[in-house]
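Worksheet: one structure, shown below.
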There are 2 protein chains.
Amino acid sequence: MKYNITDIAKLAGVSKATVSRVLNNSKPVSDEIRSRVLEVVKETNFKPSQLARSLSSKQTKLIGVIVPDISNPVFSQIINGIEVEAYKKGYNVLLCNSNNKEDTELNYLEVLLNKEIDGLIYNGFKITDNLKLKLKEFHVPVVMTGIGEEQSNFPVIKIDNFKAANDAVSFLIQKGHKKIGMIHGPVNDPLSGKLRLEGYYQALKDNNLEVEKNFIQEGNYKISSGYKSMTNILSLVEKPTAIFCANDEMAIGAIKCIIDHGYKVPNDYSIIGFDNIELSEIYSPSLTTISQSFYNEGESAMRVIISMLNKDKHIPKEIVHDHKLIERETVKKI
Amino acid sequence: MKYNITDIAKLAGVSKATVSRVLNNSKPVSDEIRSRVLEVVKETNFKPSQLARSLSSKQTKLIGVIVPDISNPVFSQIINGIEVEAYKKGYNVLLCNSNNKEDTELNYLEVLLNKEIDGLIYNGFKITDNLKLKLKEFHVPVVMTGIGEEQSNFPVIKIDNFKAANDAVSFLIQKGHKKIGMIHGPVNDPLSGKLRLEGYYQALKDNNLEVEKNFIQEGNYKISSGYKSMTNILSLVEKPTAIFCANDEMAIGAIKCIIDHGYKVPNDYSIIGFDNIELSEIYSPSLTTISQSFYNEGESAMRVIISMLNKDKHIPKEIVHDHKLIERETVKKI
DNA sequence: CTGTTAGCGCCTTCAA
DNA sequence: TTGAAGGCGCTAACAG
């Protein structure tokens, strides 16, 4: 049997209002009545309907989360951080996987709008006009992770992508490499795409190294695109000795490509990645890369959403997390 | 401004009921009134509250999904299948990641109960008594994927694990291997754990090969446990020439371990995995394994839930998907 | 075909 | 401290 608040009230011989007060600790209730109500609640295993509660309280305790690719370990870690933090604070996550398709993403945004979520955490690679338009319809807090734009009004959780890319390339230079290529992400992705590429340029410039256009390839963060970009690089007459990849997956793809062509990493080519996904440690050879804590970023995103929900005074415009270089086996001193 | 159905009714000069009928196509409405209502809906950009709708219609259009590990590619593929199918049918997924912790799982089940989901898809490794108890409280359809038990009343989506394991081991035997080890999963996992182990035994038996207890190690499906189990095997005086791993991650761990000990795959040891996750193709050497389509399994799970929701006559007790052996680089003929 | 009237289950004034 | 009553926004049964 499924009980409702009226049943409980009757069984306890009190009014619905009193039951509600006991359940929510919203108003003082005498100890005697309180325990009587709790007794009945326990006996009947009564669970108040979140639905009805949401309808009258105007909050769903649901946070929408949009990710472009749930099978990408980067996002599953972010989600994990979001989820654990949400759970702690009594929120739940409505997860939407856009599969890298803009229209799926817009559809989901529409769904989330109808579901009357309390807040939205947006993860993605690029911010399109349609997206901006849609986001305007949300009258709830929105936070972005790993992506953002100058004029955005939404708080952003990120790392210093420019600096991190610069660190990676500087490390290669310090290891004696002078001909350094890069496989970067889409440049319409303002953070991981554009800034990492700029960090690369800056490091070359700071060390008076020339930019060789052919050494620079654009990928889409997938393993396969790393493979393909590396194929292009290997077909050059003059080749780089080291390649900086804007994420670990492209780095793995590049390594696989190098191996398939009969060369060795790092003996023939040095590779440095970005993100430090689990695979980078397990791959053989294990990948030298830039590490960032996606879990913590997810956590931060959720915290910011909650403080916005609480109408806290100080809402950060952005939160910049740390990164560090993890040296493993794919970069050789020359 | 946020409109509600009453506003729309007033603006269109009709009753709320009529607006509702237009929006849901639930009852005939004259063309003229219909278009007048739709006009207003468009102008106001009105979105009916799912919340209120759910409260009065007694369905939330929400399907709860429990997974033990969202960063495990197996589950992210299943989720993908579930999600795409759900979306097609107008449902949404409330995803809960238990992180392999039983109490987190039980907590989430409780949350889902309160959220009044329309159905539940359970993914996990083992079915505990607490879980069974909790599941009893659900008065909505429940489907399981990749797990199940004899006496369960819930439909199960799976592959023929016994046959698949048998195929894998038979393949090794056919390649000339006689000393074959196995790294299996927890045996209290009735499908992937127990049945894959039994398939292994059966293949040995069918070929009159002896079971060598030391060749058999138990892992927990993680890369690290494959590594550890392989360490044990390598420490034996007499070693197997091939190892069947109950999933790809343990297989990768085992390979990494072999390489770290200065041996080669498949020259010194042959390895066969199970699941055909993306990594198995990318790893170097690429992994020979048993492939199954997790995406399709997720899709099936959602379809079964929906037909249960529709109270279809014929609800399958179980759906068995195909598997196949993918030969790559980790098994050598001897 | 359309409108009126009750709920759905809970929370929250307002009075007592 | 407690109860009665109204309302959240929508659907559905019942009239007309």
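Per chain, numbering begins at 1; letters A, B, ... match sequence-line order.
- Distance E116(B) CD to dC8(C) P: 14 Å, rounded to the nearest Å.
- With rounding to whole Å, R21(B) atom CZ is found 14 Å from dT5(C) atom P.
- Within 4.0 Å of Y3(A), counting heavy atoms only, lies no atom of the nucleic acid at all.
- Side-chain contact, R53(B) with N114(A): no donor N or O sits under 3.5 Å from an acceptor N or O.
- Between F154(A) and Y122(A), the distance from one ring center to the other does not fall under 6.0 angstrom.
- Following rounding to the nearest Å, N114(A) (CG) and dG9(D) (C1') show an atom-to-atom distance of 13 Å.
- Residue-level contact check: V19(A) touches neither bases nor backbone, having no heavy atom under 4.0 Å from any strand.
- Using a 4.0 Å cut-off between a side-chain N of Lys or Arg and a carboxylate O of Asp or Glu, E137(B) and K47(A) qualify as a salt bridge.
- Side chain of P28(B), nearest nucleotide from dG3(D), dC1(C), dC11(C): dC1(C).
- Contact annotation for S20(A): base contact, defined as any heavy-atom pair under 4.0 Å involving a base atom.
- Of the candidate nucleotides dG3(C), dT11(D), dG6(D), dT11(D) has the atom nearest to the side chain of K16(B).
- Protein atom CG of N25(B) is 17 Å distant from nucleotide atom P of dC10(D), rounded to whole Å.
- Counting to the nearest Å, the P atom of dC8(C) and the CD atom of Q50(A) are 19 Å from each other.
- When distances run from any side-chain atom of L55(A) to the nucleotides dT2(D), dG9(C), dC10(D), the shortest one goes to dG9(C).
- In this structure, the CD atom of E32(A) is 13 Å from the C1' atom of dT2(D), given to the nearest Å.
- Using a 4.0 Å heavy-atom cutoff across all strands shown, L51(B) reaches no nucleic acid atom at all.
- Closest to the A52(A) side chain, of the nucleotides dG3(C), dG7(C), dC10(C), is dC10(C).
- Neither side chain, E116(B) nor S54(B), offers a donor N or O lying under 3.5 Å from an acceptor on the other.
- Side-chain contact, Y87(B) with N107(A): a donor N or O sits under 3.5 Å from an acceptor N or O.
- Nucleotide dG9(C) holds its P atom 19 Å from the CZ atom of R53(B), rounded to whole Å.
- The side chain of S49(B) has dC10(D) as its nearest neighbour among dC10(D), dG3(D), dT11(D).
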